[in-house]
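Let me begin by presenting the structure, written as structure tokens, before commenting on it.
Hydrogens, waters and symmetry mates are skipped; everything else that's a heavy atom, side chains included, is used. A note on names: the letters A, B, ... follow the listed sequences, proteins ahead of strands, and every chain is numbered from 1.
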Amino acid sequence: MNINETNQIVWILALLAVTFLAFYLPFLPALQTLRKTNQNGVQIDQHNDGSAGYAVKKAAVQYGQSHQSAQPNLDIADSQSVDVAVGNVCTTIGSRTTIRKAAAGDTVYVKQYSKLPGVVMAHQTLYLESNCEFSWLDAPTICFVHVEPDIIYLNRQLAPVRKTHKMTAQKFIRYKGDLCMKADETLHYDYVITGDLDVAEGCTMTGSCKVYGDVRIGIGAHIWGSVFSERNITMAQTSFVAGVLSATDTILLGHDSVVGAKEQLSTVTARKIFVQPGAVVHGSIRAIENGRSLPLGVAL
Amino acid sequence: MNNLFSSLRQVHAFVRILFVAYLWLGAGLASAETFGLAASVHTFIAEEFSGVRPQWLLAQGVLFFIVFLLVLYSIRHYLFTLQRLFGRQQHLHSGIGHAHWPRVVIFVAAHNEEQVVADALHALLEVDYPLDCLKIMPVNDRSTDRTQDIIDKISILFPGRIEPFHRSGGKPGKAAALKDATQIVRSEGWAEIVLVFDADYLPSRALIKQLVAPFQDVEVGAVMGRVVPQNGQHNLLTKLLSLERSGGYQVDQQARTNIGSVAQYGGTVGGLRLSALQDAGGWHDDVLAEDTDITFRLLLKGWKTIYLNEAECYEEVPQSWPVRSRQIGRWAKGHNQAFYRHTRRLLQHDELSTIEKWDGFALLAIYAMPLLLLVGWSLALLLFYGNYGFALHGAVALMLMLTYAAFGNFAAFYQIAAAVTLDGERQSLRLLPLMMVGFLVSMVAISKATLELLLIERLFKRELRWDKTTRYRVNTEPDLELIPIPSSDFIVYPAASPAFTIEPLKVAA
């Protein structure tokens, strides 16, 4: 056997060794993991209905405060940081307080500068003062107020509410470009708008719309359907949307604007949500990144 | 303590960097391997075939084309992975908890499903949705076992909520059965939305609202949820399928939704707007993959399909290789049928965006790739062995083939690695090398099915046959006494009042 032949054999052996290591070694942990089998399958949590109620219950159990043992009225003092706050009747969260996981009660009052990264749910009404940060709010009525004396807002007569329209059987109308409605105009049918939508003052839409640009809903405009936007939605003061309000980026709810109705709850969801005092949402608000109640006087 | 947290954060950041580096390495390897093979073949041809014969040139050309397609697919899947990990996520249709809930009929497609149908119906009876807006319709398609008895027994206990549809004749297949069931729903005016589940699926309580919520968007024609294997830890095959599903849904489908491409309606754990279905021409009963077919028909008519990652439902995946081969073979035939029918119209459509057209095309063509891959391997071997015949080159060719299996076509490694990370199940990453086994089996089954489709349907004009997937869940006679009655939850919101009168079902069994 000469030197060349020896070299060739060494090279072949080296290549085989590298191949063996490269292909066999990763299989060792794989085969080890393979031995662990579970014949019973995954356990499915059949109680999880995805609601705020379930999230509160789960957090309350996890952090040792059951709903049944909760106090009738719960007052969390100012500048506290708590995991769970569940009161049976009224829960008041002091200013500059942080609720990390969940808060609930028949009525929940959140004072200004509070931070609510968890879920906050009320069986009846949830009041939120200005400058609060929130993530997930859920109640038949969510009222944004400036400070406590503004409670007068809550007793005002809201716009008369009727049921949302039935889901239409026909196909939507595709509108290419920007759609600007004139003041007091009325539009029927469902729309898909490839540009921006500008609903002028006093306009009425009796269908839902999907908009690829920005949506501006003017003062006193009414939309009896849902609004989806791939960008931003701005609701001016006293405007009203009966259905779901969802945007990819930001939603701004103006002073005295209303979303949903007590008889027909709705949802507001976006990456960022900013709300002026006086706005009312019936249903839930979910901010993916950041939700904030604005102080009085901050212009949209 | 703060120091400890700081250190942990640093370690976490380092692990993330390693993970990203691993992904980049994966992409580099994939490209290197595919381009490397191309370069080596090119050099080989240039050196050895100076007086080359035309058939060798043709072989070289075909091989280059296949390698080019593989590179494109690798890049596509790699970009999906990066998008899912670091890109902006679409959430326009998520998190809708309250809305005006439309009337819904849930189809439970069943053909000889005595082992599983009772579980599916029990789970559906428990879901959180206004009762007056929901009907469950088991679509019993010519079952010869006890499926009909079980459905009837349960439906007696819940009059008005379960409306069984027993189909005793007609064309076989899921699409044909759904077509008949949809006709009943439409003629009776029962619903605006239909949801479709297979009989082995176990929906969670929140699922129906999650799936129906996107229909508030008027442009949405179909919605698809995420399928999670319920028996995913049973054996090697189910573990591999569990990984494959993770990659497919958590990364692939979600990334396609995020970038505005074509999310696919998967035929189960999903729903359709009846008006959209009608607009697209209804169910076609001559297709094996009615889901892919309807996805593209909706797209061509201007409707969107939405994928919702959080809408999870649990299914039973095949536990034996022959069953898996048959299942994926059926999918391949159906998918390739859709490829044949829709490609031209898709690419010529004026209204669709460029990404919808080309990614839609890539999605349609994905089940044609395994056959091409097989052809590519054969050609590579032919080119190597035909001229050198030296064992070392054979080993190199073999290694390249295996690397193709890992990185080529479905780019399983990136997507699955990212998916298990997002799911928080990094332990399953260890199984990744074994994915090669599953890939090879699938490749052979898909290639066989594609050839069958070409020969049977195109040459002999024979009708394709529907293969039923075997079920494994052990279920005895359902104990009807133990069927739970849905109870009120922590908080009950007022449900939408009925806007219609429910008429009794007039369908002959």
Side-chain angles (χ1 to χ4, degrees), chain A residues 12 15 19 23 26-27 29-30 32-34 37-39 41-42 44-54 56-57 67 121 123 138 140 163-164 166-167 169-172 174 190-192 207-210 226 228 230 243-244 246-248 260 263-267 269 271 283-284 286 288, chain B residues 90-100 102 123 126-128 192-193 202 204-206 209-210 213 215-220 228-236 239 273-276 279 301-303 310 314 392 395 399 402 427-428 430-434 489-491 493-494 496-497 499:
Chain A
I12 289 172
L15 187 73
T19 311
F23 282 94
F27 285 90
Q32 212 173 19
T33 309
L34 192 61
T37 52
N38 174 12
Q39 302 291 330
V42 293
I44 300 161
D45 181 3
Q46 279 296 347
H47 298 290
N48 185 0
D49 58 3
S51 67
Y54 177 79
V56 169
K57 248 198 304 193
H67 188 251
M121 192 199 78
H123 293 197
D138 193 293
K163 301 281 287 198
T164 51
K166 268 179 70 177
M167 204 170 268
Q170 285 79 32
K171 196 176 174 178
F172 54 82
R174 188 179 289 276
D190 296 332
Y191 279 84
V192 172
S208 297
C209 57
K210 161 77 172 284
S226 299
F228 285 78
E230 291 281 359
V244 172
S246 177
T248 302
E263 302 79 9
Q264 180 57 70
L265 302 181
S266 188
T267 303
T269 175
R271 194 180 301 278
S284 70
R286 292 191 80 161
I288 309 294
Chain B
Q90 177 65 269
H91 56 78
L92 191 64
H93 305 96
S94 312
I96 299 172
H98 301 290
H100 174 68
E126 282 284 304
V127 295
D128 176 42
E192 289 96 28
I193 307 293
L202 299 170
S204 61
R205 282 199 74 200
K209 276 188 178 175
Q210 285 171 334
F215 288 109
Q216 303 290 330
D217 178 348
V218 291
E219 202 184 17
V220 173
V228 179
Q230 193 264 340
N231 56 340
Q233 294 300 312
H234 190 270
N235 59 22
L236 169 66
K239 285 178 179 180
R273 191 190 294 267
L274 270 181
S275 57
D279 187 36
K301 283 282 181 181
W303 296 94
E310 73 269 23
Y314 304 91
L392 185 62
M399 278 202 293
L402 290 171
Q427 280 287 321
S428 10
R430 292 171 164 199
L431 288 169
L432 223 46
L434 296 175
D489 205 349
F490 187 61
I491 179 166
Y493 287 121
S497 58

All heavy atoms of A:Val244 vs all of B:Ala99, minimum pair found to be CG2-CB, 3.7 Å
Taken to the nearest 0.5 Å, the spacing of A:Ser226 OG from B:His100 NE2 works out to 9.5 Å
Okay, B:Gln210 and chain A: the region with an atom under 4.5 Å from a heavy atom over there is neither
Okay, A:Arg174 and chain B: the region with an atom under 4.5 Å from a heavy atom over there is side chain
Those residues at least two apart in sequence (or on a different chain) that pass side-chain contact (heavy atoms from CB on, under 4.5 Å) with B:Ala213 are B:Ile96, B:Trp101
Contacts of B:Asp279 meeting side chain to side chain donor-acceptor pair (under 3.5 Å) (sequence neighbours excluded), chain-then-number -> A:Lys171, B:Trp303
Whatever's closer than 4.5 Å to a heavy atom in chain A on B:Lys301 counts as both
For B:His98 and A:Asp138, the nearest pair of non-hydrogen atoms, with its separation, is NE2-OD2, 3.0 Å
On a heavy-atom basis, the closest approach of A:Phe228 and B:His93 is CE2-CD2, 3.8 Å
Closest non-hydrogen contact found for A:Ser208 with B:Val218 is CB-CG1, 3.4 Å
Okay, A:Thr248 and chain B: the region with an atom under 4.5 Å from a heavy atom over there is both
